Amino acid sequence: MGSERMEMRKRQMSVHQEAVSGTQAQQGVGNRGSNACCFCWCCCCSCSCLTVRNQDDERTRRSSNEIRGHGIPKWEDSPSPTLEDVYSWGQSFDTLMTTPAGRNAFREFLRTEFSEENMLFWMACEELKKEANKNVVEEKARLIYEDYISILSPKEVSLDSRVREVINRNMLEPSQRTFDDAQLQIYTLMHRDSYPRFMNSAVYKNLHQSLSESLAES
């Protein structure tokens, strides 16, 4: 009789311990769920912090795409150049670069040499200088860095190590003048290297000839 009572008592204690363990396990899961953004207990848990981070990333991507979308056009709007305009381009690289029609013609030539990124970078720097909004300046500077400075970019421009170090320091606090040294170096490269070939190219000669013929016919 005594042994039966002891056996029954052991069974009751075992059932009670299982019930307590089950309750604690449920509470543990509940706590994890309520604090899921800090301690994810399984890979399928939907964390509120991940949702917020994804939303922030999406907003950043959307903002970057909007800025890129309002960036440098394929061709700048400009009146058709005159023969005098084209002649002046041959006299001065500065004159060529200050006119939209001149930049368009030069870009067409650079594209044949697979070096259009030099002009695109120079123009992006010019656009950055016109921006007054601090947040937009920082975003544009980041995009310029990604598109033309990063060694991972297919449009990376050729800069020496000194200028790259200057850019990296400037990127700590981006401003309208972050890329001034780099822009000057690329401008000088185009002037000394690409501009003389442009003057002897089919792009320039054909444009000069067509305008000369049009003037003669009129």
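Heavy-atom basis, side chains included; hydrogens, waters and symmetry copies ignored. Quantities reported herein were computed from a predicted structural model and do not represent experimental measurements. Along the sequence shown, the residues carry numbers beginning at 1.
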Please identify each residue that fulfils side chain to side chain donor-acceptor pair (under 3.5 Å) with [X], with sequence neighbours left out.
X	result
Thr95	Ser92
Thr112	none
Gln185	Asp160
Tyr195	none

Self-check item: Contacts of Arg162 that satisfy salt bridge (charged side-chain N to carboxylate O under 4.0 Å, His left out) - sequence neighbours left out
Solution: Asp181
Self-check item: Residues that Glu165 engages under salt bridge (charged side-chain N to carboxylate O under 4.0 Å, His left out), provided they are two or more places apart
Solution: none
Practice problem: Any chance you could measure Leu143, atom CG, to Ile149, atom CD1, to the nearest 0.5 Å? | Solution: 12.5 Å
Quiz item: At what distance, to the nearest 0.5 angstrom, does CG of Asp94 lie from NE2 of His191?
Solution: 6.5 Å
Self-check item: salt bridge (Lys or Arg N to Asp or Glu O under 4.0 Å): pairs with one or both residues in residues 194-212, sequence neighbours excluded
Solution: Glu113-Arg197, Asp193-Arg197
Residues in side-chain contact (heavy atoms from CB on, under 4.5 Å) contact with [X], at least two apart in sequence or another chain:
X	answer
Pro196	none
Asn118	Ser115, Val157, Ile186, Leu189, Met190
Leu83	His208, Leu211, Ser212, Leu215

Self-check item: Single-linkage hydrophobic cluster Val166~Tyr148, side-chain heavy atoms < 4.5 angstrom
Solution: no
Quiz item: Under a 4.5 Å side-chain heavy-atom rule over Ile, Leu, Val, Met, Phe, Trp and Tyr, are Met123 and Phe106 clustered together?
Solution: yes
Exercise. Could you work out the complete set of other residues in the hydrophobic cluster of Phe114, with links drawn between I, L, V, M, F, W and Y side chains under 4.5 Å apart?
Key: none
Quiz item: Is a salt bridge present between Lys130 and Glu126, judged by a nitrogen-to-oxygen distance below 4.0 Å?
Solution: no
Quiz item: Can Glu138 and Lys134 be counted as an ion pair, charged N to O under 4.0 angstrom?
Solution: yes
Quiz item: Any chance the side chains of Thr82 and Asp85 put a donor and an acceptor closer than 3.5 Å?
Solution: yes
Quiz item: Excluding sequence neighbours, so at least two apart, what forms ring pair (Phe, Tyr, Trp, His ring centres under 6.0 Å) with Phe109?
Solution: Phe198
Quiz item: Should we count CD of Glu173 as having more than 12 external heavy atoms under 6.0 Å?
Solution: no
